[in-house]
2 protein chains.
Amino acid sequence: MTEQLVAVFAALGDDTRWSILLALGEGDASASALAERLPVTRQAIAKHLAVLEQVGVVDSHRVGRELRWSVLGSRLGDTARELDRIGAEWDRRLAAIKRIAEGL
Amino acid sequence: MTEQLVAVFAALGDDTRWSILLALGEGDASASALAERLPVTRQAIAKHLAVLEQVGVVDSHRVGRELRWSVLGSRLGDTARELDRIGAEWDRRLAAIKRIAEGL
DNA sequence: GCTTAATGCAACCCTCGGGTTGCACATATG
DNA sequence: CATATGTGCAACCCGAGGGTTGCATTAAGC
């Protein structure tokens, strides 16, 4: 779980992926539909969605013959809470921090 | 502002940088001191510190002829709050969309 | 059954960045 | 002053990954 933290940050550290998340914020959409709104190809979007899915920020479900993707805001909330916890404890120099992030 | 957010995530999306932050969590240290504890060269660490400094996660101050680095936990807290806000916003919008789709 | 529109897969290009070595410079300290 | 230690800078290597094109495949809808 916490070992995934760094992977989540890495996934969120890309502009194109944020533009995808942004677009999905206005409603679920397929990779093809997203490709029509964004300046990248469908294949590139598909790769990004795979990355986002891997860290659990995004989810897919079939509708007819297309794959619709949706954002899991709760996952972002979870990540935020973890980060906040780490930041708070850092200032207090707690040894617990080490335990949390050492699952690498 | 969001531009900077993505940069922070990108900075936090690297294992080596987390190991540096971890080490700094046990007390301020110079790049050279960190290089003795970590399996990378001082120059590599210096680069990472520059990245972390750029996004405001880390800070430096001179002590004699060495540069000591320290973590700014508050910056992580700020980032976490923004992320949490975004995540909540996402859930809110998607819930609204769902309501609309259900004809309410 | 045929066509159309969607996804899946693979090869390829090229930039970015993590890491290294090597050396020059600066500053405590004997 | 001389030396050792810490920093700064530059060139270089190389693998990862963001992006592309091309084609195969699958599944609706007529």
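Labels below follow one simple rule: chain letters A, B, ... track the order of the sequence lines, proteins then strands, and each chain is numbered from 1.
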**Asked** Any side-chain hydrogen bond (donor to acceptor under 3.5 Å, both in side chains) pairs touching residues 65-74 of chain A, not counting sequence neighbours?
**Response**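 Residue pairs with at least one partner in residues 65-74 of chain A: A/Glu66-A/Arg68.
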Under the rule for salt bridge (charged side-chain N to carboxylate O under 4.0 Å, His left out), what residues qualify as partners of [X], not counting sequence neighbours?
X       : result
A/Arg37 : A/Glu26
A/Asp28 : none
A/Asp14 : none

**Message:** Going by the rule side-chain contact (heavy atoms from CB on, under 4.5 Å), which residues pair with A/Ala44 if we only count those two or more places apart in sequence or in a different chain?
**Reply:**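 In terms of side-chain contact (heavy atoms from CB on, under 4.5 Å), with neighbours along the sequence ignored, A/Ala44 is linked to A/Val40, A/Thr41.
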**Asked** With sequence neighbours left out, what residues match B/Glu89 under side-chain contact (heavy atoms from CB on, under 4.5 Å)?
**Response**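 Listed in chain order: B/Arg92, B/Arg93.
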**Complete:** B/S/- along nucleotides 14-19 of chain D (protein heavy atoms under 4.0 Å) is ----SB
Contact list (N/O, under 3.5 angstrom) for nucleotides 4-7 of chain D vs protein:
from  : atom 1 : to      : atom 2 : distance (Å)
D/dT5 : O2     : B/Arg65 : NH1    : 3.2
D/dT7 : OP1    : B/Leu67 : N      : 3.2
D/dT7 : OP2    : B/Ser32 : N      : 3.3
D/dT7 : OP2    : B/Ser32 : OG     : 2.1
D/dT7 : O4     : B/Arg42 : NH2    : 3.4

Per-pair distances, 0.1 Å, donor-acceptor, side chain in residues 48-60 of chain A, under 3.5 Å, sequence neighbours excluded:
from    : atom 1 : to      : atom 2 : distance (Å)
A/His48 : ND1    : A/Arg17 : NH1    : 3.0

